[in-house]
Amino acid sequence: MIITRFSPAPTGDLHIGGARTALFNWLFARHHNGEFHLRIENTDLQRSKDEFTNSIIESLKWMELNWNHISYQNENLNEHVKIANMLLASGYAYRCYTSEEDLEKQREQSKKLGKVFIHDRKWRNVKEVQEGPYAVRFKMPLNQTLTINDVVQGKVSIQSDQLDDFVILRRNGSPTYLLSAVVDDMNAKVTHVIRGNDHLTNTFKQQEILKALNSNLPIYAHIPLIHNCEGAKLSKRHGALSVLEYKKQGILPMAFCNYLLRLGWSHGNDEIISREQAIKWFNLENIGKASARFDEEKLYSTNSIYMRSLTETELRDEVFTFAKNMKYNLINDETWSKISSILPSIAARTKTIKELSNDVYDFFGSELPKYNYDVVKPINTKVKNFLMKYVPIKGSKEEIELNLRNKLMNESLSLKDVALHIRLALTGRKVSPGLFDMMFVLSEYEYTSRIKAWLKKVS
RNA sequence: GUCUCCAUCGUCUAGCGGUUAGGACACAACCCUUUCACGGUUGAAACACGGGUUCGAUUCCCGUUGGAGAUGCCA
């Protein structure tokens with residue numbers, strides 16, 4: 001059985017890079033009818049925070065990436081230490097007594113010489129236990145070519161002298177990520193490790209641990225990183241790229257996932273890919289090797305496509321939820337029953353649920369729109385007189401339109417003469433949903449009071 | 001610095017030795033229309049550079065350049 005895992009460190013909100021890694025892991029597991037595990041890597045006591053664990057979980061739930069199993073890495077610490085001691089006993093690891101100051105000196109030395117930093121391995125062959133604090137280091141092979149067979153990156157090799165004898169147990173006795181992740185993966189029988197390309201170098205090290213443990217190697221797939229618009233690695237410091245931030249902005253989760261999926265993975269020319277299709281089509285082979293830049297514009301565009309595919313009821317529910325979260329005064333059921341039918345028309349003009357909701361509230365909320373127009377179309381007396389006495393009939397949008405057109409014709413006016421004025425009066429904007437949509441929803445009082453206010457304004 | 005990886009329109013990408021180099025976003029024009037948007041039509045826009053291999057390279061190989069990642073007793 002295929003088992004994948006997503007293993008975020010709860011040191012910040014889930015950002016789009018992590019979200020995509022999670023999505024790929026989930027999709028791959030689903031595609032193969034396997035399991036997707038979530039492992040919270042909370043071993044960095046200083047930086048790990050429960051609030052981040054919660055926000056990561058909230059993000060994944062929002063994206064509807066459910067897991068078969070969840071674990072918290074700090075619960076397995078004893079197991080990791082046990083393995084470290086085993087490696088120590090079997091001679092694959094050793095106690096290193098080098099002080100931090102010493103290490104720092106050596107690091108500077110390497111820098112001067114223009115080499116990778118490899119500490120002096122002074123204690124590598126000392127078996128006797130010494131006085132003083134020590135860290136446990138893993139013995140990397142010497143003078144070998146190390147190779148990873150990566151599904152995405154292909155065959156990647158490195159000379160073992162480029163890699164340090166890395167710490168698996170800190171001076172304080174706690175295991176490091178390099179060890180913990182491997183042990184947990186091994187015990188969870190993870191078959192495919194799909195993670196960011198920034199872990200590639202770690203893989204050479206982790207592979208050696210696995211070999212020392214006589215364990216099977218998982219299949220590795222290192223996916224290219226997503227870069228920000230400047231082309232650099234995404235950092236948790238960029239709050240705007242947090243998943244929850246997009247949720248807040250009114251991005252639909254499936255649109256979000258669709259966008260993320262297409263960032264680095266493709267299926268011919270397909271752009272809009274449903275969850276179902278994604279599960280059916282997803283594979284590791286079609287993941288590109290080059291890193292991609294995050295393009296917010298395209299995310300919004302994808303979102304607007306998803307929004308337009310929603311039904312009236314679904315749109316209403318989205319707006320309702322948004323308004324509730326934003327603590328807007330809720331619109332009454334009677335008005336809603338009218339708004340619903342024109343929701344798709346408003347949705348077609350907006351990119352996010354947030355924009356949609358705000359439009360709905362601007363147009364149909366209890367307050368009059370603010371007249372922030374840039375252009376005041378000059379109004380002539382004839383038009384003004386018409387608007388002063390005209391009141392839309394009660395009826396369907398079509399009936400309202402027909403009626404208005406007829407009345408205009410009687411006065412030798414055209415729709416063009418009055419359209420912009422009505423629009424500005426009703427919405428306070430040059431851009432708005434269809435006139436008759438607006439007239440259909442607004443009550444006679446709302447209509448006339450807005451018209452009156454407008455006419456006062458332009459007179 | 002050293003190591004590793006990457007390189008097709010501005011962006012995301014298709015392409016897997018022979019194509020008028022395709023699609024999407026964004027952009028421009030036109031059509032539709034009560035405006036905008038949607039939709040439709042069209043347009044502008046790319047194989048980083050230099051060597052090979054080959055009858056033929058965007059595609060394979062090697063350099064150069066550019067970019068990214070790693071280089072933690074973080075994960």
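The sequence lines fix the lettering, A, B, ..., with proteins before strands; numbering per chain opens at 1. This is a predicted model, so every value here is computed, not measured. Because only heavy atoms are used, hydrogens play no part in the values below, and waters and symmetry mates are left out as well, while side chains stay in.
Base pairing annotation: B/rG10 forms a Watson-Crick or G-U wobble pair with B/rC25, both donor-acceptor distances under 3.5 Å. Pairing of B/rC60, defined by two Watson-Crick or G-U wobble distances under 3.5 Å, is identified with B/rG52. Pair assignment for B/rG17 gives none, since no Watson-Crick or G-U wobble pairing has each distance under 3.5 Å. Taking a pair to require two hydrogen-bonding distances under 3.5 Å in either a Watson-Crick or a G-U wobble arrangement, B/rA45 remains unpaired. Taking a pair to require two hydrogen-bonding distances under 3.5 Å in either a Watson-Crick or a G-U wobble arrangement, B/rC38 remains unpaired. Base pairing of B/rC32 is not made with any nucleotide, judged by Watson-Crick or G-U wobble geometry with both donor-acceptor distances under 3.5 Å. Pair check for B/rU4 finds B/rA68; Watson-Crick or G-U wobble, both atom distances under 3.5 Å.
Among the atoms of the strands shown, none is found under 4.0 Å from any heavy atom of A/Thr203. Using a 4.0 Å heavy-atom criterion, one finds that A/Arg47 contacts the bases of the nucleic acid, with or without backbone contacts as well. Residue-level contact check: A/Arg107 touches the backbone only, with heavy atoms under 4.0 Å from sugar-phosphate atoms and none from bases. A/Val156 comes within contact range of the sugar-phosphate backbone alone, with a heavy-atom separation under 4.0 Å but no base atom that close. Counting non-hydrogen atoms under 4.0 angstrom, A/Leu113 reaches nothing in the nucleic acid. A/Asn202 comes within 4.0 angstrom of a nucleotide base, judged by non-hydrogen atoms across all strands.
Between the CD1 atom of A/Ile118 and the P atom of B/rC73 there is a distance of 12 Å, rounded to whole Å. Atom pair A/Leu225:CG and B/rC6:P shows a separation of 13 Å (rounding to whole Å applied). For A/Ile158 and B/rU2, the CD1 to P distance is 14 Å, given to the nearest whole Å. Here B/rC16 presents its C1' atom at 17 Å from CD1 of A/Ile287, a figure rounded to the nearest Å. The distance from atom CZ of A/Phe117 to atom P of B/rC73 is 7 Å, rounded to the nearest whole Å. A straight line from CG of A/Asn149 to C1' of B/rU4 spans 15 Å, rounded to a whole angstrom. Rounded to a whole Å, the CG atom of A/Leu45 is 14 Å from the C1' atom of B/rC73. A/His80 places its NE2 atom 11 Å from the P atom of B/rA75, with the value rounded to the nearest Å.
Other residues, nucleotides and ligands contribute only 12 or fewer heavy atoms inside 6.0 Å of the NZ atom of A/Lys155. Within 6.0 Å of NZ on A/Lys211 lie more than 12 heavy atoms contributed by other residues, nucleotides or ligands. Summarising the local packing, CG of A/Asp50 is surrounded by 12 or fewer heavy atoms from other residues, nucleotides or ligands at distances under 6.0 Å.
Distances were taken from every side-chain heavy atom of A/His227 (C-beta onward) to each of B/rA68, B/rC73, B/rC12; the shortest belongs to B/rA68. Closest to the A/Asp198 side chain, of the nucleotides B/rA70, B/rC73, B/rC5, is B/rA70. Between B/rU4, B/rA70, B/rU13, one nucleotide has an atom nearer to the side chain of A/Ala292 than all others, and that is B/rU13.
Straight-line distance between the C1' atoms of B/rC12 and B/rG50: roughly 29 Å, to the nearest whole Å. Using atom C1' as the reference point in both B/rU59 and B/rU19, the two lie 12 Å apart (nearest Å). Taking atom P in both B/rG63 and B/rC3, the straight-line distance is 13 Å, to the nearest Å. Between B/rG56 and B/rU4, the distance separating the two P atoms is 33 Å to the nearest Å. Comparing the P positions of B/rG72 and B/rA57 gives a spacing of 45 Å, expressed to the nearest Å. To the nearest whole angstrom, the two C1' atoms, one in B/rG22 and one in B/rA14, are 6 Å apart. Only the C1' atoms considered, B/rG69 is 26 Å distant from B/rC9, to the nearest whole Å. The gap from the P atom of B/rU13 to that of B/rG18 amounts to 23 Å, rounded to the nearest Å.
The phosphate of B/rA75 (OP1 or OP2) has a side-chain N or O of A/Thr43 nearer than 4.0 angstrom. Between A/Arg262 and the phosphate of B/rU11, there is no side-chain N or O to OP1/OP2 separation shorter than 4.0 Å.
Side-chain rings of A/Phe6 and A/Trp26 stay apart, their centers remaining 6.0 Å or farther from each other. If you look at A/Tyr97 and A/Trp123, their ring centroids are closer than 6.0 Å.
Between A/His119 and A/Phe117, the ring-plane angle classifies as tilted under the 30° and 60° cut-offs.
Contacts of A/Lys384 classified as side-chain contact (heavy atoms from CB on, under 4.5 Å), with partners at least two apart in sequence or in another chain: A/Ile379, A/Met388, A/Leu455, A/Ser459.
Both A/Lys289 and A/Ser266 sit near RNA chain B, but only A/Lys289 has its closest nucleotide nearer the 5' end. Residues A/Thr176 and A/Ala290 each lie close to RNA chain B; by heavy-atom proximity, the contact nearer the 5' end of the strand is made by A/Ala290.
Side-chain N/O atoms of A/Arg262 and A/Thr302 include no donor and acceptor closer than 3.5 Å. Between the side chains of A/Asn197 and A/His222, no donor N or O sits under 3.5 Å from an acceptor N or O.
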Quick one: what's the B/S/- string for nucleotides 24-37 of chain B, heavy-atom cutoff under 4.0 Å, read 5' to 3'?
BSS-------BBBS

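Panel note: side chain A/Gln144, backbone A/Pro141; no donor-acceptor pair is recorded below 3.5 Å.
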